[in-house]
Number of protein chains: 2
Amino acid sequence: MAHINEDMLKLPGGYLFTEIAKKVSSFKESHPQAEVISLGIGDVTQPLAPTIVKAMHSAVDEMSKGGTFRGYGPERGYEFLRHAIAENDFRARGIEIDESEIFVNDGAKSDTGNFQELLGKDVKIGVADPIYPVYVDSNAMGGRTGDLGADGRWSNVVYMPCTAENEFIPELPSQPVDVIYLCYPNNPTGTTLTRDELKRWVAYAIEHNSLIFYDSAYEAYIQSEDVPHSIYEIEGAKQVAVEFRSFSKTAGFTGVRCGYTIVPKEVAATTTKGERIALNPLWSRRQSTKFNGVSYVSQRAAEAIYTAEGHAEIRKTIDYYMRNAKLMRSTMLSLGYEVYGGKDAPYLWVRTPQGITSWGFFNTMLQNAHVVCTPGVGFGPAGEGYVRLTAFGQHESTIKALEKIKTII
Amino acid sequence: MAHINEDMLKLPGGYLFTEIAKKVSSFKESHPQAEVISLGIGDVTQPLAPTIVKAMHSAVDEMSKGGTFRGYGPERGYEFLRHAIAENDFRARGIEIDESEIFVNDGAKSDTGNFQELLGKDVKIGVADPIYPVYVDSNAMGGRTGDLGADGRWSNVVYMPCTAENEFIPELPSQPVDVIYLCYPNNPTGTTLTRDELKRWVAYAIEHNSLIFYDSAYEAYIQSEDVPHSIYEIEGAKQVAVEFRSFSKTAGFTGVRCGYTIVPKEVAATTTKGERIALNPLWSRRQSTKFNGVSYVSQRAAEAIYTAEGHAEIRKTIDYYMRNAKLMRSTMLSLGYEVYGGKDAPYLWVRTPQGITSWGFFNTMLQNAHVVCTPGVGFGPAGEGYVRLTAFGQHESTIKALEKIKTII
């Protein structure tokens, strides 16, 4: 009989957000009168911008007529979108990214999850901790993480803790790692690295022949001048870094499904004999074998983000969410909570009251305030003792949730 | 430095259709006057049906308003679509498939490519030969296929040749295999298995503890009564078979990106210690970790296929393509070619003139008739000496292509 991939069996329970959804759904069933407000999963709530909607209608119309109908698109995305990305997200910031270095995808989760396929099983990964669970879980499925200990740590993963004690700035790894996963602005802590701090990481990767897988899905939320939007703002990064971007949070595309990945031509890994192999053509081979491109309508939607009108409209929505973040920060601080993030990111990272675990506080919030948060420990061992709150709610609901949180003290 | 997944380096050149596209593009550059007609890649040409277009516009409108906007959908697809699939594609045929056994995806290529991730590296695969290249290529990347010989055969794959000599009915594997990939109606040969023939395969899989990965992306083209639309029409299949379906060819969704996979609860693989592990929850874990669901607009588009109007409209388009297939069959036969398929499938499998290889005939067709076909050998060693023609063209272009093919004799 066929053998299972036993590495998959090492994963604990379900995927974090699936688990939370189950708990919330069970609470709602037993408390049908309760108005539960979610500040939990990082999902947007505001409708798509008018310019994006217009582009989508127009794309649907094209699909309805002979002559403009589109079948299979290029696996790596239409040129019109890759060009808009190269121009606006990079050249406008003085970064030269060639269109052939851009791979359009159906969301950053797919590519951050799948990219590890290009690497050998002996590759050692290092992750900022806490972090988006997909990086570690996909490597666990790929057999690279060793065994999961009772403390929530995988035996073969190097964790770089980010806590209040080090101001959420991870230390450089204390032992050699082949691949470093970084996410800035950070999910879940909402904290950032300055340009100078990110420089240290690029220098480290160059010096130690490591790769950096850089997730900047939240770059559109950056307000501070000295926080880089792309790792390629740092000199030398094109030699060592792959960058994952998403339109999900930039433009409310969580239900539209479109993002992209940058694989610079210089980035390489080696064979066991030491031959350098460029990752760009290898990723292209992976995508053309296992992926058939993104919905045409979604790609036209993404293109519309880069028009002047589209850009202005999505900025308004980002400001709307950041107004939530500001209010959440000030309210939680005034209630005496220790609060981090929320300045350059739509996430707040809140220390749980003393002696209460992440899941304990999740339960308190759900039971007593009917508010859903995300237990920090779900993002990694160093997340224990924190919860994540997101600013993606309706403004009115966010106010209501904060009122309810006031009552649990 | 990070090591590469060296299994990926064993793959020959590029993905088949990417290679063909390059050759065609180079021919067009050197022959700017030539009107090149493609009967090559299996891409549809007819616009989306009006009922589908209406559903997409309506979904876009929902996305434009607070209250009806949709963010992240369930990774396995919205209930409305899974319900429509269960009712129409299965219950209407007397097959009970539970909604929880249905996983909506962004196209069959993704799932046929990714599903092997659930299995151990020691799993031996058997494939009908010729076949859609994704099955073998994805297993090659997964390290299961051994080495590629000069004859185009991987050392650790069991090939089950389908040629004119055995009427394109593969023999049961002569040595044990863990997973059998079958695609019926077949891509590329356009041939089918009858219900009785498919019964033999299910019985074989049950007896030998094998899994069947069954791709029925072309079921909508079946005209004959005794050809099964789903492997689950065969008793016992739910114990051993995973079925991949696609809306790409059923409803012209190659640019819309939606399909689905059936993973029955009974289907299992084992640990090396012999413990049975159900694949359904494992696939769910894989998808919730590495996939974020399908575009809402695409899912509403798919749902519209199952309305009475939508169904009638897509049948018209399928008839349109099958009219092409009929004309292609009769013309090629009248020209003295040996032709297979094209009766229950949109593909024709044509024997090349004696002494000419698949790629040789591809070149002849391109140079002399300006027609693009697909070299049979690209689908596997037993495809040598054949080319595939597709019936997905505009009717007028198809007539024109056939006229030009007449001139090359």
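Within every chain, numbering begins at 1; the chains are lettered A, B, ... in the order of the sequence lines, protein sequences first and strands thereafter.
Between Arg257(B) and Ser295(A) the shortest heavy-atom distance is CG-N, 3.4 Å. Across Arg285(A) and Met141(B), no two heavy atoms sit closer than the pair O-CE, 3.7 Å. What you find for Gly71(B) and Thr254(A) is that their closest heavy atoms are CA-OG1, 3.0 Å. Between Thr272(A) and Glu6(B) the shortest heavy-atom distance is N-OE2, 2.6 Å. When all heavy atoms of Asp43(B) and Tyr72(A) are compared, the closest pair comes out as OD2-N, 2.8 Å. In terms of heavy-atom proximity, Ala2(A) sits nearest to Ala269(B) at O-CB, 3.2 Å.
The shortest distance between side-chain heavy atoms of Thr270(A) and His3(B) falls below 4.5 Å. Side-chain contact between Val297(B) and Val256(A): absent, with no pair of heavy atoms (C-beta onward) separated by less than 4.5 Å. Within the 4.5 Å cutoff, no side-chain heavy atoms of Phe69(A) are placed close to those of Thr45(B). Side-chain contact check for Asn5(B) versus Leu118(A): every heavy-atom pair is 4.5 Å or farther apart.
Between chain B and the residues Ala21(A), Gly107(A), Gly142(A), Gly113(A), the most heavy-atom pairs under 4.5 angstrom are made by Gly113(A). Considering only heavy-atom pairs separated by less than 4.5 Å from chain A, the leading option among Leu279(B), Asn114(B), Val179(B), Thr68(B) is Asn114(B). Ranked by heavy-atom pairs shorter than 4.5 Å toward chain B, the options Thr112(A), Ile277(A), Val294(A) are led by Ile277(A). Annotation: maximal heavy-atom pairing with chain B below 4.5 Å, among Gly293(A), Gly73(A), Ser298(A), occurs at Gly293(A). Chain B forms the most heavy-atom pairs under 4.5 Å with one residue out of Ile125(A), Val123(A), Ile52(A), and that residue is Val123(A). Note on Glu62(A), Met63(A), Met56(A): by heavy-atom pairs under 4.5 Å with chain B, the leading option is Met63(A). Looking only at heavy-atom pairs under 4.5 Å with chain A, the residue among Asp122(B), Leu119(B), Val53(B) that has the most is Leu119(B). For the set Val134(A), Asp111(A), Val60(A), the entry with the most heavy-atom pairs within less than 4.5 Å of chain B is Val60(A).
For a residue to count as touching a neighbouring chain, one of its non-hydrogen atoms must lie under 4.5 Å from one of that chain's; by this rule Arg286(B) touches chain A with backbone and side chain alike. With a threshold of 4.5 angstrom between heavy atoms, Gln116(B) approaches chain A through side-chain atoms but not through N, CA, C or O. Neither the backbone nor the side chain of Val177(B) comes within contact range of chain A; no heavy atoms are under 4.5 Å apart. Contact annotation for Gln394(A): neither backbone nor side-chain heavy atoms come within less than 4.5 Å of a heavy atom of chain B.
Here His57(A) pairs with His57(B) under the ring-ring contact (aromatic ring centres under 6.0 Å, His included) rule; sequence neighbours left out. Remark: Tyr135(A) pairs with Tyr132(A), Tyr181(A) by the ring-ring contact (aromatic ring centres under 6.0 Å, His included) rule, at least two apart or across chains. In this structure, the salt bridge (Lys or Arg N to Asp or Glu O under 4.0 Å) partners of Lys121(A), at least two apart in sequence or on a different chain, are Asp7(A).
Against chain B, the residues from residues 204-211 of chain A that qualify, each with a non-hydrogen atom under 4.5 angstrom away, are Asn209(A), Leu211(A) in number order.
Put simply, the side chain of Lys290(B) never gets that close to the backbone of Asp137(A): no donor and acceptor are under 3.5 Å apart.
Atom CD1 of Ile4(B) and atom CG of Leu282(A) lie 5.0 Å apart (nearest 0.5 Å). Of the inter-residue distances, the one linking Leu16(A) atom CG with Thr289(B) atom OG1 reads 10.5 Å to the nearest 0.5 angstrom. One distance of note links CD of Glu117(B) with CE of Met8(A); it measures 7.0 Å at 0.5 Å rounding. Atom NZ of Lys109(A) sits about 6.0 Å away from atom OG of Ser288(B), to the nearest 0.5 Å.
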Give the intermediate values and the outcome of side chain to side chain contact (heavy atoms under 4.5 Å, CB included) for residues Asp106(B) and Asn292(A).
-> CA-CA 8 Å; Asp106(B) 70 329; Asn292(A) 238 335; over 6 Å; no
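Dense packing is recorded around NZ of Lys124(B), with more than 12 heavy atoms of other residues, nucleotides or ligands lying under 6.0 Å away.
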